[in-house]
There are 2 protein chains.
Amino acid sequence: MSLTQAILTSLLEKPCTGAELARRFDKSLGYFWQATHQQIYRELGAMERDGLIAAHGLPTARGRQRHFTVLAPGRAALETWCAGEGELRPIRDELLVRMRGAAVLGTVDVSAELRRHQGLHHEVLQRYEAIAERDFPSGAQRSTADELQLAVLTAGIVYEKSWLAWCEDVLAGPAGD
Amino acid sequence: MSLTQAILTSLLEKPCTGAELARRFDKSLGYFWQATHQQIYRELGAMERDGLIAAHGLPTARGRQRHFTVLAPGRAALETWCAGEGELRPIRDELLVRMRGAAVLGTVDVSAELRRHQGLHHEVLQRYEAIAERDFPSGAQRSTADELQLAVLTAGIVYEKSWLAWCEDVLAGPAGD
DNA sequence: ATATCCATGTAACGTGTTACATGATTGT
DNA sequence: ACAATCATGTAACACGTTACATGGATAT
């Protein structure tokens with residue numbers, strides 16, 4: 001599972017608490033991997049037991065902040081994993097299930113839902129493009145790390161653009177007959 | 001969850017057994033929703049309890065084939081659901097986690113994995129395009145149902161093309177400096 | 001009859017989601 | 001002191017995956 005590795009990456013960038021991690025998953029990390037705070041605390045507990053990370057601040061009290069840092073085995077585990085191979089993740093999209101169902105039923109119109117998705121994808125795309133322009137302005141000098149981070153962001157942009165184009169295509173196509 | 005609806009759709013097209021459903025999920029259905037036979041049997045059991053589908057063939061014996069058909073409440077449930085709204089599914093991609101990790105570590109080269117993914121996406125794309133050409137040849141007359149099914153298939157094609165383009169872009173970009 | 005395969009399941013576990021609970025901190 | 005908020009956590013459940021088990025059908 002990638003949650004462990006996403007957490008290790010984020011903690012390597014800057015050690016922090018579980019709640020701060022949850023906030024990061026709602027921002028930059030969330031562009032390519034999502035997690036709720038319950039998942040994060042569960043995973044942090046397991047990672048601590050496995051000796052990948054360590055906490056400063058005692059686990060005895062409940063509401064006490066615990067700052068986590070990555071230990072050497074954690075960094076090693078991340079390096080090994082990052083150098084490894086993974087599978088392609090196939091599409092798994094509710095909207096497509098709806099459309100396939102509508103095709104069979106013949107009594108449902110999905111065009112409104114298509115337009116709604118078009119709008120949502122448009123919003124997300126604009127958000128990504130704003131971040132790209134802010135953090136990686138074109139023409140600026142970039143390190144290898146910057147190139148990689150920009151590539152990750154670009155994946156999101158390409159992804160949203162392709163869905164947008166598809167929505168336009170499907171909405172225009174059948175009507176154009 | 002969309003598994004229920006995907007099963008209803010497939011059973012409406014043609015009633016069949018659980019094993020046959022599993023085979024369909026490995027083919028056309030699997031392009032936009034995946035399920036193993038264990039998930040399918042579990043879900044069929046729940047749907048039967050809920051009165052959405054019914055089986056011909058007794059459930060008493062273990063290895064006996066049971067053909068399922070959709071009941072009126074099942075069709076109604078599918079119609080309601082297909083006319084409803086759904087959320088966008090954000091990207092959740094291991095490769096991007098690897099790249100973000102590599103950016104932080106600075107000691108890992110992900111280009112080989114990128115090229116591997118490029119090849120895999122290329123394979124999938126060719127498979128989709130072959131299906132599109134076979135089942136929906138360009139220039140042919142198409143019903144509304146055909147248009148919808150083609151749109152679903154096109155989503156897969158657009159998706160794979162966009163990842164392919166991204167892989168090429170990332171592999172070429174930093175080297176082109 | 002027996003080996004093989006197929007259809008149908010069970011069991012166990014990991015991951016993801018939702019709702020809720022409790023101790024600490026902060027503001028008034 | 002009290003309310004509001006934050007950080008941490010528990011509980012329960014739904015979904016997904018892997019491994020395995022059992023009854024029926026088929027072929028030789």
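Computed from a prediction, not measured in an experiment: that's the story for all the values here.
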B/Tyr41 OH to D/dA19 P, straight-line distance once rounded to whole Å: 19 Å
With the side chain counted from C-beta on, respond yes when B/Arg98 and A/Ser2 share a heavy-atom pair under 4.5 Å apart, and no when they do not. no
Between D/dT8, C/dT8, C/dT17, which one does the side chain of A/His37 approach most closely? D/dT8
In whole angstroms, the gap separating P of C/dT8 from CD of B/Gln39 amounts to 16 Å
Is the closest basic N to carboxylate O distance between B/Glu85 and A/Arg116 below 4.0 Å? yes
Please determine if A/Arg100 and B/Glu13 form a salt bridge, counting it only when a charged side-chain N lies under 4.0 Å from a carboxylate O. yes
Cationic N near anionic O, under 4.0 Å, B/Glu160 to B/Arg127: no
Between C/dG14 atom P and A/Met47 atom CE, what is the distance in whole Å? 16 Å
Heavy atoms only, 4.0 Å cut-off, all strands: where does A/Thr17 land among base, sugar-phosphate and nothing? sugar-phosphate
Please classify the nucleic acid contact of B/Gln38 as base, sugar-phosphate, or nothing, using heavy-atom distances under 4.0 Å. base
Between C/dC6 atom C1' and B/Arg66 atom CZ, what is the distance in whole Å? 17 Å
Round to the nearest Å and state the distance from A/Glu43 atom CD to C/dC13 atom P. 18 Å
Among D/dG16, D/dG24, C/dG16, the one nearest B/Arg64 by side-chain distance: D/dG24
Nearest-nucleotide 5' precedence on DNA chain C, B/Arg42 against A/Met1: B/Arg42
Atom NE2 of A/His56 to atom P of D/dA7: distance rounded to whole Å? 19 Å
Please report the distance, rounded to the nearest Å, between CD in B/Gln65 and C1' in D/dT26. 13 Å
Phosphate oxygens OP1/OP2 of D/dG16: is one of them under 4.0 Å from a side-chain N or O of A/Arg92? yes
Measure the distance from CD on A/Glu20 to P on D/dC6 and round it to the nearest whole Å. 13 Å
